[in-house]
Number of protein chains: 2
Amino acid sequence: MTDIALIESAREFNRFYTNFLGLLNKAYLDTPFTLTDARVLFEIGVQNGVNAGALARDLQLDPAYLSRILKRFREEELIEAMPDPADQRSQILTITAKGRTQFEELGSRSNAQIAARFDTLADGEPQAAVAAMHTIRAILDPQAKPAAATIRPHRAGDIGWIVQSQGRFYAEEYGWDLRFEGLVAEVAGKFLANFDPEREYCWIAERGGINLGSVLITNGGDGIAKLRLLYVDKAARGLGIGKQLVDECIAFSRRKGYRQISLWTNDFLHAARAIYQKAGFRLVSEERHRMFGPEANGQTWVLDL
Amino acid sequence: MTDIALIESAREFNRFYTNFLGLLNKAYLDTPFTLTDARVLFEIGVQNGVNAGALARDLQLDPAYLSRILKRFREEELIEAMPDPADQRSQILTITAKGRTQFEELGSRSNAQIAARFDTLADGEPQAAVAAMHTIRAILDPQAKPAAATIRPHRAGDIGWIVQSQGRFYAEEYGWDLRFEGLVAEVAGKFLANFDPEREYCWIAERGGINLGSVLITNGGDGIAKLRLLYVDKAARGLGIGKQLVDECIAFSRRKGYRQISLWTNDFLHAARAIYQKAGFRLVSEERHRMFGPEANGQTWVLDL
DNA sequence: TCAATTTAGTTGACTCAGTCAAATAAAGGC
DNA sequence: GCCTTTATTTGACTGAGTCAACTAAATTGA
């Protein structure tokens with residue numbers, strides 16, 4: 001039986017968000033569409049080829065009411081409907097070019113609306129809000145498949161993100177002191193200050209605007225690529241992101257003609273070591289250290305290319 | 001300018017939550033009240049003695065429509081309305097005993113509804129969902145924000161935050177390239193790596209768990225304190241945070257026996273320069289540079305202590 | 001001090017979003 | 001082959017919510 005305080009907190013949020021959405025949704029008055037119209041067109045745009053009955057269920061609309069909306073959309077040539085070959089009773093809905101234009105117009109207006117709201121926020125607040133939205137969605141709608149993480153090159157702010165998230169992680173999980181964060185900052189700072197795009201790279205894993213992971217390749221000289229600062233956020237572990245990042249490093253290093261990749265890790269990072277081992281890295285040395293407070297076991301691994 | 005991926009994530013969540021609330025709100029069909037009725041009674045129950053005009057604004061309801069609902073509630077003896085002594089046009093609304101009973105009945109039904117949903121979740125998930133709701137509320141609801149920022153010493157992750165937010169800010173506002181972010185990372189990294197708590201400090205301005213500003217004092221040798229990386233987030237400007245941070249620096253530097261504070265800034269940072277001038281700093285040198293791409297005018301200021 | 005304007009709330013008239021029921025056509029089950 | 005169920009459509013309707021005009025009270029400016 002869930003704690004009453006949690007329930008009341010959820011209800012209070014729901015009252016707040018009902019108002020918040022009410023404010024956002026008033027904007028549809030600037031278009032000829034009602035909110036429900038927009039929801040319908042949008043859903044057809046997103047899952048092109050949807051079944052009308054499924055649409056009514058997804059959006060919790062009265063089928064009779066939806067039918068009228070769809071009829072009007074057909075008349076306005078925003079969508080096309082055709083009988084499902086598998087079941088002549090059912091209708092398959094697809095968006096037309098004209099409908100796609102309208103869909104994009106609605107999308108732009110909606111984007112502008114959220115942007116206007118998010119632009120008033122402090123740096124980090126939109127990310128924190130969206131990360132929280134991802135959390136709620138994942139809990140309340142487990143069937144919704146989270147979008148796959150994409151991997152992209154670094155851009156402004158990412159190096160700072162690397163420093164912040166890894167600094168915080170190692171402090172909280174392993175009790176490492178701030179010298180570690182300082183080292184990460186210096187390493188990452190040098191990477192940017194002396195960046196050689198021909199032989200060095202930084203990959204960022206991201207989903208829905210939220211950074212989830214990172215890794216760098218730097219030029220160690222003598223044909224050796226250095227794999228540094230591999231990290232996957234706790235919330236995104238087990239999804240194969242770490243492996244994807246390491247695979248990118250290996251492919252890049254081969255492409256750039258390095259003869260070997262070398263990396264330093266600590267033995268308590270089990271998931272990372274497993275990735276390295278499966279990728280063919282071998283352990284070449286090991287040393288205990290207290291560089292950041294608690295005693296730890298540093299390891300150097302290499303992969304011949 | 002907020003990242004489009006964040007905006008689209010927020011919109012997707014809004015579509016999902018519109019449906020989720022739609023499902024919850026259908027439950028009102030089991031009572032004689034509409035959703036709007038319930039929102040009205042609930043809000044009067046929560047802020048007993050509310051002004052009718054304020055209620056209409058808070059709930060974004062047409063005053064004519066609200067008037068009819070309130071009339072019906074008066075007839076059903078759920079609420080009482082009396083003219084505001086301060087303004088006879090205005091009505092003060094209070095809930096009656098009967099209304100309170102109904103308010104609690106609605107509350108119970110709503111609690112049961114959320115409980116039914118939360119009880120299907122795994123252990124810890126309701127807590128995680130509600131924590132996420134608090135996060136969203138705290139960010140999006142200006143009224144929920146504490147007005148004042150607090151200033152605290154740095155902790156794990158803050159240096160990364162400084163690198164990220166300033167790196168992004170200078171890139172977006174002034175077109176500086178990533179070498180600036182690299183420099184900030186190195187400076188801040190050295191600060192942590194060689195930190196002398198007796199003579200150096202980092203202050204962070206924070207509100208509601210979100211960082212809003214920062215500044216460092218480092219030991220420049222020869223009795224000179226260096227003021228570095230002063231920054232206030234766009235969303236928090238004009239609140240006096242910058243001045244507070246600079247004041248902290250001056251007080252600390254005097255306490256630690258420095259003879260002078262020195263700092264380097266760029267002339268386009270007008271607000272920062274105004275703070276320095278008001279604090280008594282004087283301009284001692286100036287030089288044009290292209291360290292980070294576009295040409296800029298660097299300035300060194302000092303304050304004798 | 002007074003007239004004009006604005007504000008708070010109410011009532012009349014109305015629109016149309018959405019619901020319910022009955023209809024038709026197609027599919028499924030026995 | 002017949003009965004039941006499902007998908008969709010259309011007719012009729014309700015009532016949530018909007019807009020305008022009204023009254024009473026407060027504010028503003030001359």
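In what follows, every chain begins at residue 1, and chains take the letters A, B, ... in the order their sequences are listed. What's counted below: heavy atoms across the whole structure, side chains too, no hydrogens, waters or symmetry copies.
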Could you tell me how far apart [X] ([atom1]) and [N] ([atom2]) are, to the nearest whole angstrom?
X       : N      : atom1 : atom2 : answer
B/Asp62 : C/dT11 : CG    : P     : 14 Å
A/Leu55 : D/dT9  : CG    : P     : 12 Å
A/Asp84 : D/dA7  : CG    : C1'   : 11 Å
B/Leu59 : D/dT18 : CG    : P     : 13 Å
A/Arg68 : D/dG11 : CZ    : P     : 9 Å
B/Glu75 : C/dT10 : CD    : P     : 11 Å
A/Asp37 : C/dC16 : CG    : C1'   : 12 Å
B/Leu61 : D/dC19 : CG    : C1'   : 16 Å

Ring geometry between B/Tyr174 and B/Tyr170 (parallel below 30°, tilted from 30 to 60°, perpendicular above 60°):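 Tilted, since the angle between the ring planes falls between 30° and 60°.
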Going by the angle between their ring planes, with limits at 30° and 60°, are B/Phe16 and B/Phe13 parallel, tilted or perpendicular?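 Tilted.
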So if I take every side-chain heavy atom of [X] and compare against [options], which nucleotide ends up nearest?
X       : options                : answer
B/Gln91 : C/dG9, D/dA20, D/dT10  : C/dG9
A/Ser67 : C/dT10, D/dT8, C/dA17  : D/dT8
A/Gln88 : D/dT10, C/dT10, C/dA26 : C/dA26
B/Arg89 : C/dA26, C/dT10, C/dA8  : C/dA8
A/Asp87 : D/dT8, C/dA27, D/dA24  : C/dA27

Would you say A/Lys71 reaches D/dT10's phosphate, i.e. side-chain N/O to OP1/OP2 under 4.0 Å?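 Looking at the OP1 and OP2 atoms of D/dT10, one of them is under 4.0 Å from a side-chain N or O of A/Lys71.
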Between A/Ser67 and A/Pro63 (side chain of the first, backbone of the second, donor and acceptor by atom type, cut-off under 3.5 Å), is there such a pair?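 Looks like no, no N/O pair under 3.5 Å.
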Closest nucleotide of DNA chain C for A/Arg72 versus for B/Arg57: which of these residues is on the 5' side?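 Mapping each residue to its closest nucleotide by heavy atoms, the 5'-most match is B/Arg57.
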Between A/Gln60 and B/Gly53, which residue's closest nucleotide on DNA chain C lies nearer the 5′ terminus?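 Mapping each residue to its closest nucleotide by heavy atoms, the 5'-most match is B/Gly53.
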Which part of the nucleic acid, if any, lies within contact of B/Ala52, taking any heavy atom under 4.0 Å across all strands shown: a base, the sugar-phosphate backbone alone, or nothing?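 Touches sugar-phosphate only.
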Is any side-chain heavy atom of B/Val232 closer than 4.5 Å to one of B/Gln244?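 No, too far: nothing below the 4.5 Å cut-off.
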Atom pair OG (B/Ser110) and CG (B/Leu24), whose distance is rounded to the nearest 0.5 Å: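 Rounded to the nearest 0.5 Å, the OG-CG separation comes out at 7.0 Å.
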